[in-house]
Amino acid sequence: MTDDRTSEQASESPQASNFIRQIIDADVAAGKNGGKVVTRFPPEPNGYLHIGHAKSICLNFGIARDYDGAVCHLRFDDTNPTKEDLEFVEAIKTDVAWLGFDWQQNLFHSSDYFEQIYQFAIKLIELGKAYVCDLSAEEVREYRGTLTEPGRNSPWRDRSVEENLDLLERMRSGEFADGSRLLRAKIDMASPNINMRDPALYRVKHATHPITGDAWCIYPMYDFSHCLSDAIEGVTHSLCTLEFEDHRPLYDWVLDTLNTEHHPQQIEFSRLNLDYTVMSKRKLQTLVAEQKVSGWDDPRMPTISGLRRRGYTAAAIREFCQRIGVTRHDNVIEMGVLESCIREDLEAAPRVLGVINPLKLLITNYPAEQVEYLTAQNHPQYPEMGSRELPFSGELWVERDDFMEEPPKKFFRLGPGREVRLRYGYYITCTDVIKDADGEITEIHCTYDPATRGGSSPDGRKVKGTIHWVSVAHAVDAEVRLYDRLFSEPNPAAAGDDFLQLLNPDSLQVMANAKLEPSLAGAEAGTRYQFERLGYFCVDGEADGQAVFNRTVTLRDSWAKIKR
RNA sequence: UGGGGUGUCGCCAAGUGGUAAGGCCCGGGGUUUUGAUCCCCGUAUGCGCAGGUUCGAAUCCUGCCACCCCAGCCA
């Protein structure tokens with residue numbers, strides 16, 4: 001992974017406000033929490049982070065960055081040992097840091113608080129606000145009622161404090177089997193909010209935890225551990241997505257009932273949706289498990305690691321999060337917004353010539369064996385980025401798409417009898433088209449005008465098209481991977497479990513025979529370039545042997561629009 | 001048909017009673033040795049709908065409509 005040299009030049013938009021920052025502004029102005037602001041990003045380490053998490057990271061860490069003395073904690077919400085793994089905590093730390101955020105010494109785990117949370121459970125029992133329930137999972141569901149009908153009280157709801165205390169302790173000591181008993185809050189089985197119908201607080205799970213190992217065989221539920229973890233850490237503003245809104249009364253109930261020292265304010269915002277992809281961790285997991293992609297970091301994945309490998313910069317992702325805003329409206333952001341962000345950042349990348357789908361071009365009047373060196377700017381707008389010498393000869397590779405035997409009206413490129421400019425080179429005119437037995441074009445012949453060296457003609461005549469090229473004798477072989485949207489439908493998630501049917505069969509196109517200018521030999525993994533006229537490309541760090549370039553994004557292409 | 005939310009341009013999104021920001025996309029034009037970049041210009045008499053209050057309403061009130069979330073011992 002190399003530095004974002006491009007990002008340093010691009011300026012990010014000024015920090016936009018949003019309704020959450022407005023709430024915090026007001027809180028700070030009112031001196032609430034002693035003027036302190038503490039946020040937290042609380043991922044469950046059961047998968048890799050995606051661009052939706054980036055939204056939350058930028059929100060939470062961005063607030064910590066912008067408010068005086070504020071901090072943002074990174075807390076792993078690791079309360080379900082059967083789903084979580086250390087591999088994921090490492091990947092998450094890498095991604096947060098790569099995005100440019102620093103949790104300083106504030107790295108925590110919900111499991112750090114297991115003992116404290118357990119003590120809170122005891123206190124709840126002592127307050128008569130929790131009980132051990134012997135109902136089976138199925139019975140609990142039956143007793144819960146439905147959305148429109150109230151639930152019924154569990155027959156175990158009125159056990160004595162002593163019995164509950166004894167039972168909880170025995171749950172902890174491993175006396176009971178998984179699923180046999182549950183610690184439940186005693187709230188209201190008739191509540192219209194289902195979360196308040198005596199929610200589970202602790203379940204028995206004889207499982208080895210990635211961090212606490214076998215120290216525990218009971219684990220707290222999200223609704224119990226999350227609010228307490230926030231309170232223990234002195235979080236002031238607990239930001240989460242909209243689906244947790246119904247849980248807020250429970251969040252507040254736990255903290256109010258336990259009368260904790262701190263009582264963070266939960267504020268919900270809408271999660272990010274991007275078109276032509278999926279964002280749920282479960283679906284991303286499926287793509288990986290079913291090997292529809294090469295892994296969590298497949299460059300087609302909307303994961304942070306996938307985007308990184310695709311060639312996205314952290315600055316572009318931050319800018320994206322900036323542009324999409326933070327509200328409570330459901331939203332589906334068009335891929336074009338993300339693409340616009342990376343194009344803007346990569347505009348500053350060095351230019352280079354590379355042919356992805358090579359077609360041989362012979363300059364019949366160019367002196368045999370002659371090689372000359374032509375000066376090429378590394379960036380058309382930034383002379384300070386310098387220049388390089390491109391070897392030129394009578395045998396070149398050009399892009400197959402830049403030649404048409406029967407060109408349509410607005411095609412500016414090469415065709416029989418047409419003259420175009422070779423970038424930084426000469427004007428050439430097509431004289432012959434050579435085909436094989438199947439009628440495939442194998443080679444084209446041209447003549448060049450020696451007076452046009454460097455790309456302009458002394459007689460002032462104009463050519464409409466300029467095409468890129470690479471000298472055959474000097475070309476570097478490479479594999480280039482062209483990526484497109486992962487799904488062919490804007491909203492694949494709408495298909496439910498059938499979403500895999502909607503995968504775009506052309507999401508990856510491997511161009512195994514690409515020819516690049518010699519300066520690209522030995523390019524370092526992670527380095528980004530603009531292949532002129534084609535797009536932005538990044539050296540893949542994962543491939544060994546032959547160089548592999550991933551296409552991050554194409555250039556804007558108004559020709560593609562005309563073609564349509 | 002219980003509860004909780006949300007509706008401002010194709011997609012996002014400002015707007016907090018004083019007469020609809022901005023971005024992306026799109027369209028038109030200019031510069032250009034990348035059909036790139038860059039630069040101009042254009043795009044809601046209208047804010048889910050219908051009433052009402054007001055000198056004045058996207059903002060307040062009433063009633064509808066549409067969409068999203070919730071019945072894991074997941075988070």
Side-chain angles (χ1 to χ4, degrees), chain A residues 13 16-18 22 42-44 46 77-80 82-84 133 135-137 140-141 144-151 178-184 191-197 199-205 218-219 221-223 225-226 240-249 268 270 275 281-282 322-341 343-344 347-348 351 353 376-377 379-381 410-413 421-425 427 452 454-456 462-468 530-535 554-562:
Chain A
S13 303
S17 188
N18 55 55
Q22 286 173 11
E44 182 188 14
N46 67 344
D77 215 345
D78 56 350
T79 57
N80 188 352
T82 55
K83 291 190 175 175
E84 295 150 10
C133 181
L135 255 26
S136 69
V140 168
R141 197 182 323 124
R144 188 156 34 223
T146 69
L147 293 177
T148 52
E149 302 157 45
D178 287 7
S180 62
R181 283 190 164 81
L182 207 54
L183 181 73
R184 293 227 255 166
S191 172
N193 181 347
I194 289 189
N195 295 302
M196 300 298 271
R197 319 240 262 230
L201 265 23
Y202 265 99
R203 74 282 219 191
V204 179
K205 228 181 232 274
I218 59 173
Y219 293 93
M221 300 290 292
Y222 166 85
D223 283 314
S225 68
H226 199 89
C240 62
T241 44
L242 247 26
E243 66 271 25
F244 292 100
E245 185 154 28
D246 290 343
H247 294 245
R248 193 171 68 225
E268 312 85 16
S270 52
D275 62 6
K281 243 194 244 180
R282 216 198 98 251
Q322 186 74 207
R323 289 189 193 180
I324 60 175
V326 179
T327 67
R328 295 171 62 88
H329 321 320
D330 288 339
N331 62 83
V332 183
I333 310 293
E334 292 173 343
M335 220 26 120
V337 179
L338 224 205
E339 292 178 345
S340 164
C341 292
R343 283 194 187 110
E344 180 179 298
E347 220 302 294
R351 309 285 125 120
L353 300 187
Q377 298 302 309
H379 194 292
Q381 271 77 45
K410 291 184 170 173
F411 189 80
F412 301 157
R413 286 111 92 154
R421 171 167 42 233
L422 292 171
R423 178 75 157 154
Y424 297 120
Y427 286 12
T452 56
S456 57
K462 302 288 185 209
V463 289
K464 278 233 187 82
T466 299
I467 67 173
H468 58 278
Q530 184 196 102
F531 288 9
E532 292 206 29
R533 304 210 307 129
L534 296 176
T554 62
L555 259 28
R556 270 196 197 86
D557 187 358
S558 48
W559 165 240
K561 277 172 209 158
I562 296 167

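Fair warning: this is a prediction, and the values are worked out from it, not measured in the lab. Residue numbers begin at 1 in each chain, while the letters A, B, ... track the order of the sequences. Hydrogens, waters and symmetry mates play no part in the numbers below; they use all other heavy atoms, side chains included.
A 3.5 Å limit on both hydrogen-bonding distances identifies B/C26 as the Watson-Crick or G-U partner of B/G42.
Comparing the C1' positions of B/U45 and B/U1 gives a spacing of 41 Å, expressed to the nearest Å. Nucleotides B/U53 and B/A58 are separated by 16 Å at their P atoms, to the nearest Å. Between B/G63 and B/G15, the distance separating the two P atoms is 28 Å to the nearest Å. Between B/G3 and B/G10, the distance separating the two P atoms is 34 Å to the nearest Å. Nucleotides B/A36 and B/G29, compared at atom P, are 13 Å apart to the nearest Å. Between B/C12 and B/G4, the distance separating the two P atoms is 26 Å to the nearest Å. Using atom P as the reference point in both B/A57 and B/G51, the two lie 14 Å apart (nearest Å). B/U37 and B/A50 are spaced 50 Å apart, taking the C1' atom of each and rounding to whole Å.
When the side-chain nitrogen and oxygen atoms of A/Arg328 are compared with OP1 and OP2 of B/C68, none of them lie within a distance under 4.0 Å. Within the structure, every side-chain polar atom (N or O) of A/Lys561 is placed at least 4.0 Å from both OP1 and OP2 of B/C25. Of the side-chain N and O atoms in A/Arg343, none sit less than 4.0 angstrom from OP1 or OP2 of B/U37. Between A/Ser558 and B/A36 there is a side-chain N or O to OP1 or OP2 distance below 4.0 Å.
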Summarise protein proximity over nucleotides 7-12 of chain B in one line of letters, 5' to 3': B for base, S for sugar-phosphate only, - for none, counting protein heavy atoms closer than 4.0 Å. S--BSS
The contact string for nucleotides 70-75 of chain B, one letter per nucleotide 5' to 3', using protein heavy atoms under 4.0 Å with B, S and - for base, sugar-phosphate only and none, comes out as BBSBSB
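Separating the CG atom of A/Asn18 from the P atom of B/U16 is a distance of 16 Å, rounded to the nearest angstrom. For the pair A/Arg351 CZ and B/A36 P, the interatomic distance rounds to 13 Å; values are reported in whole Å. Look at CG on A/Leu338: it is 19 Å from P on B/G23, rounded to the nearest Å. Here the C1' atom of nucleotide B/A36 and the CZ atom of A/Phe412 are 14 Å apart, to the nearest Å.
Applying the side chain to side chain contact (heavy atoms under 4.5 Å, CB included) rule to A/Pro42 yields the partners A/Arg40, A/Arg75, A/His226; only residues at least two apart in sequence or on another chain are considered. The salt bridge (Lys or Arg N to Asp or Glu O under 4.0 Å) check on A/Arg413 picks up A/Asp402, with sequence neighbours excluded. Residues satisfying the side-chain hydrogen bond (donor to acceptor under 3.5 Å, both in side chains) criterion with A/Thr82, sequence neighbours excluded, are A/Asn80, A/Lys205. In terms of the side chain to side chain contact (heavy atoms under 4.5 Å, CB included) criterion, residue partners of A/Asp330 (sequence neighbours excluded) are, by chain and number, A/Leu242. Taking A/Asn193 as the reference, A/Asn195 meet the side-chain hydrogen bond (donor to acceptor under 3.5 Å, both in side chains) condition, with sequence neighbours excluded. Scanning for side-chain hydrogen bond (donor to acceptor under 3.5 Å, both in side chains) contacts around A/Arg328 gives A/Glu245, A/Glu268, with sequence neighbours left out. Shown here are the side-chain hydrogen bond (donor to acceptor under 3.5 Å, both in side chains) partners of A/Glu532, two or more places apart in sequence or in another chain: A/Arg423.
Side-chain atoms of A/Gln22 lie closest to B/G15 of the nucleotides B/A36, B/G35, B/G15.
Among the heavy atoms of the strands lying under 4.0 Å from A/Gln530 is at least one base atom, whether or not backbone atoms are also near. Within the 4.0 angstrom heavy-atom criterion, no nucleotide atom of any strand lies near A/Lys281. Using a 4.0 Å heavy-atom criterion, one finds that A/Phe411 contacts the bases of the nucleic acid, with or without backbone contacts as well. Residue A/Ser340 is classed as a sugar-phosphate contact, given heavy-atom separations below 4.0 Å to backbone atoms only. Nucleic acid contact class of A/Ile562 (heavy atoms, under 4.0 Å, all strands): base. Among the protein residues, A/Pro380 comes within range of the nucleic acid bases, having at least one heavy atom under 4.0 Å from a base atom.
The base of B/G35 lies close enough to the side chain of A/Arg413 for a donor and an acceptor atom to sit less than 3.5 Å apart. Side-chain atoms of A/Gln381 come within donor-acceptor range of the base of B/U37, with a qualifying N/O pair under 3.5 Å.
For the pair A/Arg556 and A/Arg343, the minimum side-chain heavy-atom distance is below 4.5 Å.
Glycosidic conformation of B/G72 is syn; the angle stays within 90° of 0.
Using bins of under 30°, 30° to 60° and over 60° for the plane-to-plane angle, the ring pair A/Tyr222/A/Phe244 lands in the tilted bin.
Toward the 5′ end of RNA chain B lies the nearest nucleotide of A/Ser17, the other residue of the pair A/Gly455 and A/Ser17 mapping further downstream.
A donor-acceptor pair under 3.5 Å is absent between the side-chain atoms of A/Arg533 and the main chain of A/Ile467, judged by distance alone.
In this structure, A/Trp559 has its ring center no closer than 6.0 Å to that of A/Phe412.
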